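A quick write-up on the structure given underneath.
Remember, it's 1-based here, ligands and their atoms both numbered in the order they're listed. All values below come from the heavy atoms of this structure, side chains included, with hydrogens, waters and symmetry mates left out. This is a predicted model, so every value here is computed, not measured.
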Amino acid sequence: MQRYVLAVLLVGGAWLTGAYSTARAAPCLMVTLTGTQSGPAIFDGIAGAGTLVRYGDDSNECGALKLQFDAGRGTILRLSQVGVVPGQLNAMFFTHMHSDHTEGFAEIAQLRWNFNSAGPKLDVVCSEDAISTLGFTLSCKKLVMHIGDLFIQSGEIAQRISEDKQRLPGGPADILNIVTFQPTNEQQIVWTSGEVRVSAIRSTHIAGHASYRVDTPVGSVVIGGDASNDSLEPSRLTSTSDQVEKLAKGADVIVHSTMHPAMAPDKDSGMPPPVYYRQAATADLGAMAQRAGARYLMLTHMAPPLGAQRHGPYKVPGGPLADADYRKVVEASGFTGITIVGTDLATIRLPANRRNKSAFPERNYQWRRTQRTVDPPPAIRDRCRGHPLDRSRGEGFVHRAKSESAMIGNGSSARTA
Ligand SMILES: [Zn+2]
């Protein structure tokens, strides 16, 4: 009996001290916002909407698997800043067929075709063709099939194939493997790899909109996209999607588009009510995250962007918003988890890094807010001297310093808190 107790203690002790983990490195998950701009508007270099989810272990910086959700403009540049190139992506997922979520994909597909035609095809996961009540069809399949058409028509594809016969004859679409599903009100698994599972659920914004959930052994993340409530009338209980709330039950992280109350139709922003109402209001999103039990809420695709006087053609009543303006709306909603007011490259790591106990590996979420006040390290300052962009602390210089600091450590020189 005593021997039995001792054996149990030994086994239990081994588990508690993590002795099993010596067999393999500790698994981890990273969620990175590759772009936080809302809608087709453009502002201050912010990339279009997208989220990179990486899963792996300590030995590969959580990067054995790399999944990209949406690819707005400039996604490829943000990916390059975290050391990810198109040839490394395992799958691409689209929430819906709006250009602010898709236009960056042409660059990704073109570059993968250029350099990785001999490699595996990239899975592109999205909704089946969806016919709008107004009669037109939203087709992810056609977007994928025609993703390289501009470059086929210009003659570039033929010219590049003449240089390298390994390049696939049909252009970028040839290296893509489309996987479509019919979004429904129940969660369905749409993609798996090993112990990682991606599920989808139908949500409202435009026809064919879907939201996703990634489950891994160390945590789960929901990517809501531009989801809003099925009821588009303001008399509804909430502007958030009931299906997304169901999908998000027990998730660790929710990444979601949001609309600040400053833009409400009664506040003189000029934004048409249907545009306002088809996004999740910030307060409703905080309340939903609380009901779902999420630990982290990452606001993204924020309308308006931080610091903007205008959001596209619409004015921001009361002047530009700061981080705190979003944060206080979420806090007032009763959300008791951690709110990340999204900036490009904001990153969460699960589990939190054991060394510094931080879920924010590079403090990237501070990056944009602090970039203008960062002095480049002397080595970079010297390298920039005489460069055409060096306007002695003018905007060009800051830009150069920004990209250099990204190169040397994902904004680590912007660490402030
Ligand atoms: Zn959008």
(request) Salt-bridge test for Glu128 and Lys141: reply yes if a basic N is under 4.0 Å from a carboxylate O, no otherwise. (result) no

Is it the case that [X] and [Y] place a side-chain donor and acceptor less than 3.5 Å from each other?
X: Trp191; Y: Asp123; answer: yes
X: Thr240; Y: Asp284; answer: no
X: His205; Y: Ser228; answer: no

(message) Just to be sure I understand the site: which N, O or S atoms from the protein are less than 2.8 Å away from the Zn ion (ligand 1)?
(response) Asp100 OD2, His101 NE2, Asp226 OD2, His301 NE2

(message) Please tell me whether Phe69 and Phe94 form a close aromatic pair, meaning their ring centres lie under 6.0 Å apart.
(response) no

(message) I'd like to know if the side chain of Gln68 reaches the main chain of Asp70, judged simply by a donor and an acceptor atom lying under 3.5 Å from each other, with no hydrogens or angles considered.
(response) yes

